[in-house]
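To start, the structure under review is shown below, and the notes come after it.
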Amino acid sequence: MAFIKIEGLTKQFGGLTAVNDVDFEIEKGKITAIIGPNGAGKSTFFNLISGFHRPTSGSIIFEGIDITKTPVHIGAKLGIARTFQTTHLFEQSSVIDNVIVGHRLRTKSNLFDAVFRTRREKQEEQEAYDRAIEALDFVGLLDLVNRQVAAISQESKKRVAIALALATDPKVMFLDEPAAGINPDETDNLAELMKKIAQSGITVCTIEHKMQMIMGLADTIMVLNHGAKIAEGTPEEIKNNPIVIEAYLGGDALAEVN
Amino acid sequence: MGKLLTGRNGILFMLGLSILFPLFFLDNRYVLYVMTTSFIFIIAIYGMNLLAGYTGQLSLAHAGFFAIGAYSVGILTTKAGMNFWLALVLAVIITCVIGFALGIIALRTREHFFAIYTLIVGYLIYLLIDKWDGLTGGVRGLIGIPIPNSIGPIEFNSAVSMYYLVLLFLVLSIFIGVRIVRSLTGRTYIAIRNSEELAQTLGINTRTNKLVSFVVSVAYAGLAGGLYASLTRFIGPEIAGIEMVFNFLVYLIVGGIGTLTGPIVGTMLFIWLTQFLQSFQEYRMLIFGPILVVIVIFYPTGLAGAFYSLKHKWLGNKEQKKEKISEIESMKKTSIQSREV
Amino acid sequence: MELFFQQLLNGLTLGSVYILVGIGLTLVFGILHVPNFAHGSLYLIGGYMTLMTMKWFGVHYFIAIIMSIITVALLAVLMERLVFNPLRDAPAIHDKIAAIGMVLFFEALVSLMWGTEYHRMQTPFGDTIKIAGMSTSAQRILVIAVAAMVVVLLYLFLKKTMIGASILAMAQNREGAFLVGINANAVAMMTFAISGVLAAIAASLASPINLVFPAMGHLVILKAFVVVIIGGMGSIPGAIIGGMILGISESLGATYISNDYKDMIAFLLLIIIMTARPKGLFAKEVY
Ligand SMILES: Nc1ncnc2c1ncn2[C@@H]1O[C@H](COP(=O)(O)OP(=O)(O)O)[C@@H](O)[C@H]1O
Ligand SMILES: [Mg+2]
């Protein structure tokens with residue numbers, strides 16, 4: 001059984017077909033990358049899997065469960081986490097406060113528990129807190145826990161967003177251009193982090209623009225162009241695929257890769 | 001000094017002050033009455049703050065729900081001859097039920113549409129009260145609403161006793177509000193305010209959470225309205241009016257939306273300012289209006305927010321000199337508690 | 001039957017006013033994605049400016065309207081520059097709160113300067129005239145005629161001029177408009193100015209029928225929101241249709257259902273529409 005199996009996935013916005021009949025499988029424990037020019041439909045592809053958009057047609061099977069029409073928050077409970085192209089963190093709050101809520105979906109305390117501060121509430125607060133610290137430790141931000149998000153670097157913010165996703169105890173993480181707006185050194189660090197996540201048993205699926213980074217990182221690459229899948233394979237195969245070279249990589253990008 | 005008036009000490013100080021307050025004004029019914037009214041408004045605004053400030057949903061129907069609470073008590077006591085306490089409980093329940101039904105529909109709309117929708121619902125409530133003569137007394141209002149029935153030896157026929165009664169409800173309301181905000185539920189609301197999309201990806205059912213927050217918020221309004229009816233003993237449709245919800249909003253914004261002290265600071269400030277500017281009553285909005293604009297542009301979290309960011313800066317500078325390790329150590333203990341203003 | 005046509009005509013008058021206010025509101029929303037709660041204040045100031053200019057200088061009604069248009073257009077631009085522009089990146093809740101601050105201010109200002117009483121606005125068109133057997137005031141005909149003319153002029157402006165085209169382009173696609181080098185600030189100011197002009201005209205036309213008083217903007221702005229939501233935020237044709245639907249249903253409702261509850265018709269209509277379609281009746285599906 002495939003971990004995530006996508007069949008005939010299509011999304012139309014009015015007349016525009018943002019994702020066009022894509023078949024794809026994501027393997028458990030691996031790092032999968034999705035590449036393609038701007039507007040190729042990569043973010044939309046993520047939005048379909050995470051449930052923000054209903055597909056026009058096609059299906060998404062996650063661990064044997066059909067999640068094609070599952071609302072976002074249910075998908076999260078099943079173990080699908082994601083980050084956004086622009087981090088949506090709460091800038092005025094501290095790093096730890098941003099991350100604690102990540103574990104909320106694994107807790108049961110309700111309004112009653114809140115008002116009466118029941119044992120369950122206290123216990124789960126501690127649990128969420130510990131999980132947040134653990135996640136921040138994992139992404140290497142332990143020394144920034146009490147810092148205000150507005151005051152930390154762009155790269156750190158990306159890491160906070162990843163920690164937040166980790167705190168949900170996901171099985172798979174979808175990262176939308178995690179390295180955008182970050183300098184090359186930090187990009188390498190982020191690549192290391194992604195490997196570490198995969199090693200910890202969480203499947204990683206990332207959208208990436210920086211070719212160099214992805215070639216050394218991904219196990220499998222899918223290339224989208226105008227919403228359609230034009231290639232799929234190992235970095236080596238993609239690098240040498242004439243269709244990809246023509247449609248996407250072009251002269252300059254190819255030079256960058258090699 | 002900074003330490004002295006914040007945290008537990010600050011709370012005890014404020015509580016002590018408000019308990020002793022009437023002793024200084026035993027023969028001044030007027031001062032006590034104004035203070036009691038402002039307590040009632042704080043209760044209502046606490047509800048508004050929970051929804052707008054912490055959950056990020058600006059409902060402009062809040063005065064409408066305040067009026068529903070007030071009219072429920074008014075009608076149940078004067079027309080059905082019901083005991084005040086029973087009427088008050090029913091008033092809160094009625095407000096919640098209406099709030100629940102309305103919330104289901106209203107929360108389907110988002111952002112601007114939610115504000116417009118609730119503005120218009122609030123106006124409809126006003127119109128309904130204004131026109132439904134038979135039930136509400138229409139423009140003439142409801143008169144002769146009784147004071148709360150005595151409980152054992154405790155009677156509520158004096159300004160002082162009403163003051164303490166409302167204070168009790170206020171303390172309870174704030175206590176519950178603080179508990180909610182500082183709980184996992186509160187964190188959930190804040191996450192929704194911050195970004196509904198992100199909250200959803202974190203597995204939060206935004207629709208249910210917004211609905212619960214909405215109902216709690218109107219429960220505050222209903223309770224405040226019920227107390228108000230019994231305090232003033234006369235209510236008219238204007239308590240559901242747009243003016244009223246704007247007043248709430250001014251108090252909340254200037255005090256500090258999304259802060260726990262904001263509603264208290266803002267309401268106290270404006271109620272007393274208004275009293276001092278009695279002759280100016282008609283035109284107070286000439287000053288309040290621009291203040292609202294300036295605050296939103298320059299101090300989006302109001303006086304309370306400005307105060308705390310100043311304090312943070314001050315403490316922050318000191319803290320950076322400390323060693324990192326002790327910081328992490330102490331953070332483990334304090335972070336969960338000291339999170340919110 | 002005569003009563004019916006009479007009310008239809010009244011509905012058209014009412015609808016014309018709603019259309020003018022609604023178009024201003026919808027244009028601003030289309031461009032800035034701000035529902036300008038302070039739009040009613042522009043209407044309010046428009047009414048008073050016309051009235052007071054006539055009183056102070058004894059000028060003709062039309063001259064007063066022009067003075068009023070200029071004042072309110074400037075005021076609207078100031079509103080954009082001083083309040084909405086600084087808030088363009090703030091959370092959505094802030095625009096609304098600031099707008100409410102302005103509403104409170106202008107209402108108090110007007111009360112302070114000219115009292116809280118209702119003022120009558122005399123015009124040269126107070127006479128009753130007969131058209132096809134129906135008697136109506138010339139003012140009502142004027143309202144309909146001027147509103148129609150203004151809408152046509154606005155249409156030509158948006159379609160035939162450079163700045164008009166930019167406004168439309170920006171309303172349709174903000175990012176796209178930036179790419180083709182439209183000056184967003186100029187467009188925003190222009191849009192506010194237009195919304196001010198329309199509000200001033202609407203108030204000046206309606207005041208001889210509805211009186212001038214500090215709260216005159218409240219009901220109008222609420223109804224303009226109804227109009228705009230019926231028609232879809234950002235859509236001018238939508239505002240025209242919405243204004244007509246509302247004007248006529250109110251006028252007929254007042255006659256055939258209940259005059260007491262006539263203001264409720266608009267709001268109930270809105271509640272029903274938004275309940276069924278949370279984003280408005282003709283709102284474009286975003287996805
Ligand atoms: N919510 C939406 N409504 C309409 N069109 C959209 C929406 N989201 C994306 N699109 C369109 O779909 C196409 C693919 O966009 P996207 O998935 O963001 O591309 P990528 O992430 O690969 O750069 C683009 O043309 C974009 O304009
Ligand atoms: Mg993208």
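Order of the sequence lines sets the chain letters (A, B, ...), proteins ahead of strands, with each chain counted from 1. Worth saying up front: this structure is predicted, and the values here are computed from it rather than measured.
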Task: Donor-acceptor side-chain pairing of E127(A) and T107(A) below 3.5 angstrom - done: no
- [ ] Using the ring-ring contact (aromatic ring centres under 6.0 Å, His included) rule, collect all pairs that involve residues 103-123 of chain A, keeping only residues at least two apart or in two chains.
- [x] F112(A)-F116(A)
- [ ] Go through the atoms of V216(B) and report whether side chain, backbone, both or neither lie under 4.5 Å from a heavy atom of chain A.
- [x] side chain
Task: Any side-chain donor near an acceptor of the partner, R159(A) and S156(A), under 3.5 Å - done: no
Task: Most contacts with chain A, counted as non-hydrogen pairs under 4.5 angstrom, among I180(B), L198(B), T301(B), N209(B) - done: L198(B)
Open item on the list: Tell me which of these, N194(B), I176(B), V178(B), has more heavy-atom pairs under 4.5 Å with chain A than the rest.
Closed with: N194(B)
TODO: Heavy-atom pairs under 4.5 Å with chain B are the metric here; pick the option from A167(A), S109(A), A114(A), A76(A) that has the most.
DONE: A114(A)
TODO: Rounded to the nearest 0.5 Å, what's the gap from CD1 on I204(B) to OG1 on T188(B)? Could you check?
DONE: 5.0 Å
Task: Partners passing salt bridge (charged side-chain N to carboxylate O under 4.0 Å, His left out) against R207(B) (at least two apart in sequence or in another chain) - done: none
Task: Those residues that, when tested against A52(B), pass side-chain contact (heavy atoms from CB on, under 4.5 Å) (two or more places apart) - done: L58(B), I257(B), I93(C)
Open item on the list: Could you tell me if the side chain of T203(A) sits less than 4.5 Å from the side chain of M173(A), heavy atoms only?
Closed with: no
Task: Residues in residues 90-103 of chain B near chain A [non-hydrogen atoms, under 4.5 Å] - done: none
Task: Side chain / backbone / both / neither for L164(A) at chain B, heavy atoms under 4.5 Å - done: both
Task: For Y189(B), the option from V181(B), L51(B), V212(B), T206(B) that meets side-chain contact (heavy atoms from CB on, under 4.5 Å) - done: V212(B)
Open item on the list: Check this for me: K69(A), atom NZ, are more than 12 non-hydrogen atoms of other residues, nucleotides or ligands nearer than 6.0 Å?
Closed with: no
Open item on the list: Can you tell me which portion of N110(A) sits under 4.5 Å from chain B's heavy atoms? Options are side chain, backbone, both or neither.
Closed with: backbone
Open item on the list: Need one label for S195(B): side chain, backbone, both or neither, based on atoms under 4.5 Å from any heavy atom in chain A.
Closed with: side chain
